[in-house]
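As structure tokens, the structure follows; a few thoughts come after it.
Being a predicted model, the structure only gives us computed values, none of them experimental. Side-chain atoms are counted along with the backbone in the values below, which use heavy atoms only and exclude waters and symmetry mates.
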Amino acid sequence: MFAAERRQLILEMVRANGAVSLRELARVVQTSEVTVRRDVRALEAEGLLDRRHGGAVLPGGFTRESGFPQKSHLSTAEKTAIADLAAGLVGEGEAVVVGAGTTTQELARRLARVPGLTVVTNSLLVAQALAHANRVEVVMTGGTLRGSNYALVGSGAEQSLQGLRVSRAFLSGSGLTAERGLSTSNMLSASVDRALVQAAAEVVVLADHTKLGSDTMFQTVPTELITRLVTDEPPAHDERAATELQALADQGVEITVAGPDTESPANESLPPGRQPRQDMPLPGQRRTQGGHGGPAGLGPQLRSAAALAEGPVGRVADLRRR
């Protein structure tokens, strides 16, 4: 068995069981504990699992969250494909909220090409990606800076979002399950994400396949409030991710799958042979109409969400839609 095959099997065993001993891993992959220990060390360096004395466990469990430097190097190709496809959901002149995260940061880089856009965010990284975009207005929440992911959190952030209405919210997280929805490992981040959801008519979750089936401590968005999931195509052997996608679709979440060569269909023309996969044909999908409209001709400005809430932005949504 090649090293890549061993490590994939080790990862699948840890995901399925939560914790596995080195002895058991060595028995299943039919190699020595020394070799397995080396594989586990390599997987830990990629942030895919944590080493424990005599074994390996899921990364962070329900308590610890990886910082931005670690997350930024994980699943980069998948995050790029997801961001390319998600950007096509945003139209000219719209007003949206974008939460913190490495995938949403990738989305922000692509939203810089959408004219007349207003982006409300609590992420310094999202704001930085849009700071020099022509005709894009960036609206920052208040709050206290959380250094591990460069996000503004706390009561200041939540209060600044009161009275705000936008067409849709783009959020990421640490885990996503059909049973519990989107979740994260940090209580303050979860609380702000819930406030972002309350400001939007639709909720779009951006999550690569490694987060499917993972559950972390604090729920941010219950499944019934998720309008659409944009994800990448799980590997053929990843039964857990495929099962979770089916379960999410059965609960009415619209599934959009980005292939490795996906580009945003709304903002770029695709060369022949590079068409994105969208609207995965799973049963139980629901479709909703996204709102458009909003301020046009805006320069690259930075102002508070409280100031924005004083006047209407984008399409005012009836949040009693569900």
Side-chain angles (χ1 to χ4, degrees), residues 67-73 76 79-154 156-161 164-173 188-189 192-193 195-197 199-200 204 206 230 263-264 266-268 292-314:
F68 173 78
Q70 292 77 30
K71 290 182 178 180
S72 62
H73 297 295
T76 53
K79 292 173 182 177
T80 297
I82 290 168
D84 282 336
L85 194 50
L89 302 174
V90 181
E92 180 176 348
E94 232 181 310
V96 299
V97 295
V98 179
T102 53
T103 309
T104 52
Q105 182 188 24
E106 288 296 323
L107 171 64
R109 294 189 177 113
R110 287 145 183 83
L111 293 182
R113 299 190 292 261
V114 182
L117 184 66
T118 299
V119 177
V120 181
T121 185
N122 69 317
S123 169
L124 298 187
L125 298 174
V126 168
Q128 183 183 42
L130 293 165
H132 300 290
N134 292 327
R135 301 179 63 196
V136 174
E137 182 177 26
V138 180
V139 181
M140 294 293 299
T141 70
T144 302
L145 178 63
R146 184 167 178 255
S148 62
N149 64 346
Y150 302 96
L152 297 172
V153 297
E158 296 169 39
Q159 291 172 10
S160 67
L161 291 165
L164 191 69
R165 293 295 181 269
V166 297
S167 59
R168 58 177 58 86
F170 293 90
L171 298 175
S172 187
L188 294 176
S189 294
V192 174
D193 281 353
L196 291 172
V197 168
V204 180
L206 311 182
V230 183
E263 294 178 7
S264 172
N267 301 315
E268 300 180 18
H292 294 275
L298 299 173
Q301 304 173 49
L302 222 63
R303 60 190 177 101
S304 70
L308 181 63
E310 293 175 359
V313 175

ask   = Do Arg135 and Leu117 come close enough that some side-chain heavy atom pair is under 4.5 Å?
value = no

request  = Enter the distance from Leu107:CG to Leu85:CG here, rounded to the nearest 0.5 Å.
outcome  = 10.5 Å

request  = With the side chain counted from C-beta on, respond yes when Val114 and Val136 share a heavy-atom pair under 4.5 Å apart, and no when they do not.
outcome  = no

query = Looking at Val192, Leu145, Asp193, which hits side chain to side chain contact (heavy atoms under 4.5 Å, CB included) with Val153?
reply = Val192

query = Which atom names give the shortest non-hydrogen contact between Ile82 and Leu206, and what distance separates them?
reply = CG2-CB, 4.0 Å

note = Nearest heavy-atom approach of Asn122 to Gly99 is OD1-CA, 3.9 Å

query = Which pair of non-hydrogen atoms, one from Val96 and one from Ser167, has the smallest distance, and what is that distance?
reply = CG1-OG, 3.8 Å

key: side chain to side chain donor-acceptor pair (under 3.5 Å) against Ser172, all qualifying residues, sequence neighbours excluded   = Lys211

query = Going from CG on Leu111 to OG1 on Thr118, what distance comes out if it is rounded to the nearest 0.5 angstrom?
reply = 11.5 Å

Side-chain touch Phe170/Leu89, heavy atoms, less than 4.5 angstrom = yes

inquiry  = Could you measure the distance from the NZ atom of Lys79 to the CD atom of Gln105? Nearest 0.5 Å is fine.
reply    = 9.5 Å

inquiry  = A side-chain contact here means heavy atoms from C-beta on lying under 4.5 Å apart; do Leu196 and Leu171 qualify?
reply    = yes

ask   = Could you give the distance from OG (Ser123) to CG (Asn149), rounded to the nearest 0.5 Å?
value = 7.5 Å

task = Would you give the length of the straight line joining atom CZ of Arg113 to atom CG of Asn134, rounded to the nearest 0.5 angstrom?
result = 13.5 Å

query = CE/Met140 to CG/Leu152 distance, rounded to the nearest 0.5 angstrom?
reply = 4.5 Å

Check: Val98 main-chain N/O paired with Thr121 side-chain donor or acceptor under 3.5 Å = yes

key: Side-chain touch Val97/Leu164, heavy atoms, less than 4.5 angstrom   = yes

inquiry  = Show every salt bridge (charged side-chain N to carboxylate O under 4.0 Å, His left out) that has at least one partner inside residues 96-108, sequence neighbours left out.
reply    = Glu106-Arg109, Glu106-Arg110

inquiry  = Looking at every heavy atom in both Ala157 and Ser160, which two are closest together, and how far apart are they?
reply    = O-OG, 2.8 Å

